[in-house]
Amino acid sequence: MTLIATWNVNSIRTRLPILEKWVAHRNPDIILLQELKCMEETFPLTAMEDLGYNVEMLGQKSYNGVAILSKYPIEDVVHGLPTLSNDPQARYIEAFCGGIRVASVYVPNGQKIDSDKFNYKMNFLKALKKHARALLAQDESLIIGGDYNVAPDLCDGHNPDIFEKNRILCSLQEREALKNVINEGLIDGYRVVHPETLHENQKKFSWWDYRSGSYENNKGYRIDHLYCSPKAADFIQNSGIDIETRLQERPSDHAPVWLSLTPTAN
DNA sequence: ATGGTAGCAAAGCTA
């Protein structure tokens, strides 16, 4: 069995104690990280190696930064989206490990509808769509996981109003742009295992704003996803969101999302 | 609610 997880840690250095605790409990084979908020020089490499992981990362000072941690050897590393050349922001890394091609992606937040940052988000999703098409054409076991900063469906946000009001993370434009990526032929691993989350009273979230007691009031969003190629989806065994990490001292605003695959996937 | 909190880095930006 292979267990793969994605987690926006919101600073790897600050989150190290919580991450170590979580790894001891969940023990993933592959971890896709976002928002490292550091360069390679200040990344806690030894701590990760002590946990048993090989590391490939794309760092950036203060903002963004993505990594792939793997207990398997890591090959074919791609730094940055090939379809978005000269992007100064560290938001994408891809590699082949444990028989699966994986990518850790940090889609821009977008800040405000129709702002410059929003346009950058739309361009990023367009580029991701193009690259997803190329990857899927290889017909491999593939998982593109990360913080997509988009709630795909109305059940992926705490309140229907936020969708009606076209708020950031929930707007029609963002959901259409994400759908364009997914419709290349990707499967939402978590939703496959948990179709019950489509029901109003069984929603599950992966992100809660630090502000205004969002977690306490469960005003969350499901914006962290593990999208699978058909070959990977065939072997999905189980999936979950480790929301209890959000209750610990100095938590990330995101919870880890994980997916287990039967051995034949790789 | 043009705030509310957190992280980086040292004031304001990003989320």
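Just so you know, these numbers use all the heavy atoms, side chains as well, and skip hydrogens, waters and symmetry mates. Every chain is numbered from 1 and lettered A, B, ... according to where its sequence line falls, protein lines coming before strand lines.
With B/dG12, B/dA15, B/dG4 as the candidates, the nucleotide lying closest to the side chain of A/Tyr63 is B/dG12. Listed candidates were B/dG7, B/dT5, B/dA9. Nearest to the side chain of A/Asn10 is B/dG7. Checked against B/dA6, B/dC8, B/dA15, the side chain of A/Thr14 finds its nearest nucleotide in B/dC8. The side chain of A/Tyr210 approaches B/dT5 more closely than any other nucleotide in the set B/dA15, B/dT5, B/dC8.
Taking atom P in both B/dA9 and B/dG4, the straight-line distance is 24 Å, to the nearest Å. Going from the P atom of B/dA1 to that of B/dA15 covers 25 Å, rounded to whole Å. Straight-line distance between the P atoms of B/dT5 and B/dA10: roughly 24 Å, to the nearest whole Å. B/dG3 and B/dG12 have their P atoms separated by 15 Å, with the value rounded to a whole Å.
Between the CG atom of A/Asn64 and the P atom of B/dC8 there is a distance of 13 Å, given to the nearest Å. As a whole-Å value, the separation of A/Arg13 CZ from B/dA9 C1' is 10 Å. Counting to the nearest Å, the P atom of B/dT14 and the CG atom of A/Asn149 are 14 Å from each other. In this structure, CG of A/Asn8 is placed 13 Å from P of B/dC8, rounded to the nearest angstrom. Remark: P of B/dC8 and CD of A/Glu35 are 10 Å apart, rounded to the nearest angstrom. Per the geometry, CZ belonging to A/Arg167 stands 11 Å off P belonging to B/dT2, to the nearest Å. Taking atom CE of A/Met39 as the reference point, atom P of B/dA9 lies 10 Å away to the nearest angstrom. Computed from coordinates, the A/Asp147 CG to B/dG7 C1' distance equals 15 Å when rounded to whole Å.
Comparing A/Asn109 and A/Leu36 along DNA chain B, the residue whose closest nucleotide (by nearest heavy atom) sits nearer the 5' end is A/Leu36. Between A/Asp253 and A/Lys61, the residue whose closest nucleotide on DNA chain B is further toward the 5' end is A/Lys61.
Ring planes of A/His194 and A/Tyr190: tilted class, angle from 30 to 60°.
Proximity of A/Arg15 to the phosphate of B/dG7: a side-chain N or O atom is located under 4.0 Å from OP1 or OP2. Regarding contacts with the backbone of B/dC8, a side-chain N or O of A/Ser11 is found under 4.0 angstrom from either OP1 or OP2. Taking side-chain N and O atoms only, A/Arg250 has no distance below 4.0 Å to OP1 or OP2 of B/dT5. Dashed line: the shortest gap from a side-chain N or O of A/Lys117 to OP1 or OP2 of B/dT14 is under 4.0 Å. Here A/Ser214 does not reach the OP1 or OP2 of B/dG4: none of its side-chain N or O atoms lies under 4.0 Å away.
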For this session: Dump the intermediate steps for side chain to side chain donor-acceptor pair (under 3.5 Å) on A/Gln89 and A/Tyr63, then the final yes or no.
Result: CA-CA 8 Å; A/Gln89 302 192 25; A/Tyr63 302 109; over 6 Å; no
Exercise. Passes ring-ring contact (aromatic ring centres under 6.0 Å, His included), A/His79 versus A/Tyr92? Steps please.
Worked result: CA-CA 6 Å; A/His79 295 94; A/Tyr92 183 91; over 10 Å; no
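For A/Tyr227 and A/Tyr148, the gap between ring centers is short of 6.0 Å.
Geometric assessment of A/Arg91 against the ring of A/Tyr106 yields a positive cation-pi assignment under the 6.0 Å and 45° thresholds.
Backbone-only engagement by A/Arg91 is indicated by non-hydrogen atom pairs under 4.0 Å involving sugar-phosphate atoms exclusively. Looking at heavy-atom distances under 4.0 Å, A/Tyr215 makes no contact with the nucleic acid at all.
For A/Asp116, the CG atom is loosely surrounded, since the number of other residues' heavy atoms within 6.0 Å does not exceed 12.
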